[in-house]
Amino acid sequence: MALAGNRDWRLLWIGQAASLTGDNVFDITVLLWVATVLAKGRPWAPAAASGVLIAEAVPVLAVGPVAGVWVDRWNRRRTMLASDACRAAVIASLLAVPTLGSHLAPAGQIGCVYAAVAAESCLAQFFNPSRLAVLGLVVPAADRAKASGMLQATSSGTAIAGPLLAAPLLFAAGPRWALTINAVSFCFSFAAIWGIRLPDGVAAPAARRPGFRAEFVAGLRFFAGSPVLVALCTGVVVTTLGTGALNALQVFFLRGDLHAAARWLGVLYAAVGVGAVAGALLGGWAAGRIGAARVLWLALVAGGACLLGYSRLTGLPAAVGVLGLVGVAFGGVNAAVPPLLLASIPQRLIGRVMSVFNPIQQIANIGSMAATGVLAATVPVRTIFAVGA
C-alpha cells in the first residue's frame, strides 16, 4: 500500500507533526523563560538556563536504558497514548507557575520548570521507541525509507518554525501560550494515535517473560552481536561528535572566522534546518531506489566534505550556502537510519535495542560539546571543525 493510501501512517505522521511543533515551541520558550524572566538580572542566570538542558538530557541516560524493557512488554499503541496523555498533563501543570507568580520564589519556579522538563523527557523515553516500532508495523518495508524521510523533514521543519514562534509568544503574551500550545499538541497526537489500529501479539505473554534483568541483557547481547547495529551506532556516534562541535562553537566561528555579528547565528541555523528538510525528503526518496545503506554512507561522506569546506571559509554568504549543503547531508543520514534499524531489529526487541542506541548517542553529544568547549581555549575553532569533518 502506498503511503498516500495508508490511513494508519497518515494518522501517525499528522500526530507527530503537531507534537513536534509543540515541542520546539516549548523547548525554546522554556530556555528563554528561565534565562530572561525567572532568573533575570541574576549572576546565575546562565547556569539556570543550562539546567534546563541537563534536566532534559539526564532521563535519556537514567531512564532510557531501562525503559526499553517495558516498551517491549507493553502494547505499542497504548504506550504512546499513555505517554502523550501524561505529557499533556505535565506541561499543563506548568501553567500554575506563571499563575502563582510572586507567591513562589524564583528558585522555586525554576525548580518546577526543571521537574516538568525532566518528567516530559522521561515519558519520551517510552514514546520514542514505541513510535519507531509502530512505524515498522504500519508501513511496509518498501515504503519505510520514504516515511522516515517525511518524519525527519517534518522534525527539521518544526525546528525552524519553533524558534520563530517561541520568542514573540513569550515576550508578547508570556509563557502561558507556549505551554498551552505544547499541551494541546500532545492531545492532538493522542487523538491521532487513538485512530491507529495495530496487530496484537507484539509483547510476549507474561508467563514467558524471563525477568527484567534477563530481558535487558537479551537486548544488550542482540545489539552487541549485530554487525549492522554496531556499525550504525558507530557511524551515528562519530557523526554526533562532529555535529556536537558545530553546535557548541558555531557562534565563536561566526564572530572570529566569518567576521560577522552574532545576530546572524539564527541565519546559519536556519540554513542547516532548510537543508535538513530537503535532505530528509531526498534521502527518503533515494533510499527507496538505491537502498538506505548506500544513502547513509554517501550522506556521511558528503557531509564530512562539506563541513571540511565550511571550516576553511572566511565569509558569511558562502558559509550560509555550504551549511545548507551540510544540512542536506545530515537530513539524508537521519532519513536512512530508521529503515536500517527496523530491518535489523525484531519487533520484540526494538525497545531494548533503542535503549542502548539512544543513550550512547546522547553520551557522544554531551562529550563532544564538553570536549570541544575545552579544546577551543587553545585550538582554533576552524581546526576543531576540520577534525569533526
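Judged purely by atom type and a 3.5 angstrom limit, Glu56 has no side-chain atom pairing as donor or acceptor with the backbone of Val52. A distance-only check finds a donor-acceptor pair linking the side chain of Thr36 to the backbone of Leu32 [under 3.5 Å]. A donor-acceptor pair under 3.5 Å is formed between the side chain of Thr29 and the backbone N or O of Val25. With hydrogens and angles disregarded, a donor-acceptor distance shorter than 3.5 Å links the side chain of Thr158 to the backbone of Thr154. In this structure, the side chain of Ser93 engages the main chain of Val90 through a donor-acceptor pair within 3.5 Å. With Arg76 contributing its side chain and Leu132 its backbone, the two residues share no donor-acceptor pair below 3.5 Å. With Ser368 contributing its side chain and Ala245 its backbone, the two residues share a donor-acceptor pair below 3.5 Å. For Ser311 (side chain) and Leu308 (main-chain N/O), a donor-acceptor pair under 3.5 Å exists by modelled atom type. Proximity of a side-chain donor or acceptor of Thr180 to a complementary backbone N or O of Arg176 within less than 3.5 Å is detected. Within the 3.5 Å criterion, the main-chain N or O of Arg352 finds a donor-acceptor partner in the side chain of Ser355.
Between the CD atom of Gln16 and the CG atom of Leu135 there is a distance of 10.0 Å, given to the nearest 0.5 Å. One finds the CG atom of Leu258 at 12.5 Å from the CH2 atom of Trp264 (value rounded to the nearest 0.5 Å). For the atom pair CG of Leu137 and CD1 of Ile350, the computed distance is 7.0 Å after rounding to the nearest 0.5 Å. Note that CZ of Arg77 and CG of Leu12 are 12.5 Å apart. Values are rounded to the nearest 0.5 Å. Atom OG1 of Thr240 is separated from atom CD1 of Ile360 by 11.0 Å, given to the nearest 0.5 angstrom. Atom-to-atom distance recorded for Asn365:CG and Thr243:OG1 is 6.0 Å, nearest 0.5 angstrom.
Across Phe127, Phe126, Phe212, a single residue satisfies ring-ring contact (aromatic ring centres under 6.0 Å, His included) together with Trp70, and that is Phe212. When each of Asn24, Thr21, Asp23 is checked for a side-chain contact (heavy atoms from CB on, under 4.5 Å) with Asn182, only Asp23 meets the rule.
Met354 places a side-chain heavy atom less than 4.5 Å from the side chain of Leu341. Considering only heavy atoms from C-beta on, Pro98 comes within 4.5 Å of Trp33 through its side chain. Residues Tyr269 and Gln250 form a side-chain contact, since some pair of their non-hydrogen atoms from C-beta on lies under 4.5 Å apart.
The cluster map of Ile, Leu, Val, Met, Phe, Trp and Tyr, joined by side-chain heavy atoms under 4.5 Å apart, puts Ile193 and Met150 in the same cluster. Val71 and Val60 are not part of a single hydrophobic cluster, where members link through side-chain heavy atoms under 4.5 Å apart. No continuous path of hydrophobic side-chain contacts links Leu246 to Val328 [ILVMFWY only; heavy atoms under 4.5 Å]. Val295 and Leu340 are not part of a single hydrophobic cluster, where members link through side-chain heavy atoms under 4.5 Å apart. Following chains of ILVMFWY side-chain contacts shorter than 4.5 Å, one cannot reach Val184 starting from Leu179, and the two form parts of different hydrophobic clusters.
Comment: Arg348 does not engage Asp72 in a salt bridge, judged by the lack of any side-chain N to carboxylate O separation of less than 4.0 angstrom. Between Arg87 and Asp84 a salt bridge is recorded (basic side-chain N to carboxylate O distance below 4.0 Å).
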Checklist line | CA sep, side-chain torsions, deciding dist, call: Val267, Leu316, side-chain contact (heavy atoms from CB on, under 4.5 Å) | finding: CA-CA 10 Å; Val267 175; Leu316 182 64; 5.9 Å; no
Next item on the list: Please lay out, stage by stage, how Phe253 and Ile384 fare under the test side-chain contact (heavy atoms from CB on, under 4.5 Å).
Entry: CA-CA 10 Å; Phe253 186 76; Ile384 296 174; over 6 Å; no
Notebook entry, point to check: Could you go step by step and tell me if Phe26 and Leu94 meet the side-chain contact (heavy atoms from CB on, under 4.5 Å) rule?
Noted result: CA-CA 11 Å; Phe26 174 77; Leu94 264 185; 4.0 Å; yes
Notebook entry, point to check: Could you go step by step and tell me if Leu151 and Trp9 meet the side-chain contact (heavy atoms from CB on, under 4.5 Å) rule?
Noted result: CA-CA 11 Å; Leu151 275 178; Trp9 154 250; 3.8 Å; yes
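Here the closest heavy-atom approach between residue Ser148 and residue Asn334 is recorded as OG-O, 3.9 Å. Taking both residues in full, the closest heavy atoms of Ile366 and Ala57 are given as CD1-CB, 4.3 Å, listed atom of the first, atom of the second, then distance. Among all heavy-atom pairs drawn from Phe222 and Pro346, the shortest one is CZ-CD, 3.3 Å. The shortest non-hydrogen separation linking Val320 to Ala271 is O-CB, 3.5 Å.
Surrounding CZ of Arg289 are more than 12 heavy atoms belonging to other residues, nucleotides or ligands, all under 6.0 Å away. Within 6.0 Å of CZ in Phe252 there are 12 or fewer heavy atoms belonging to other residues, nucleotides or ligands. Under a cut-off of 6.0 angstrom, the local environment of CZ in Arg221 is sparse, with at most 12 non-hydrogen atoms contributed by other residues, nucleotides or ligands. Around the CZ atom of Arg42, the shell of radius 6.0 Å holds more than 12 heavy atoms that belong to other residues, nucleotides or ligands.
When hydrophobic side chains of Ile, Leu, Val, Met, Phe, Trp and Tyr are connected at separations under 4.5 Å, Ile54 ends up clustered with Val58.
Ring planes of Phe357 and Phe223: perpendicular class, angle over 60° (limits at 30 and 60°).
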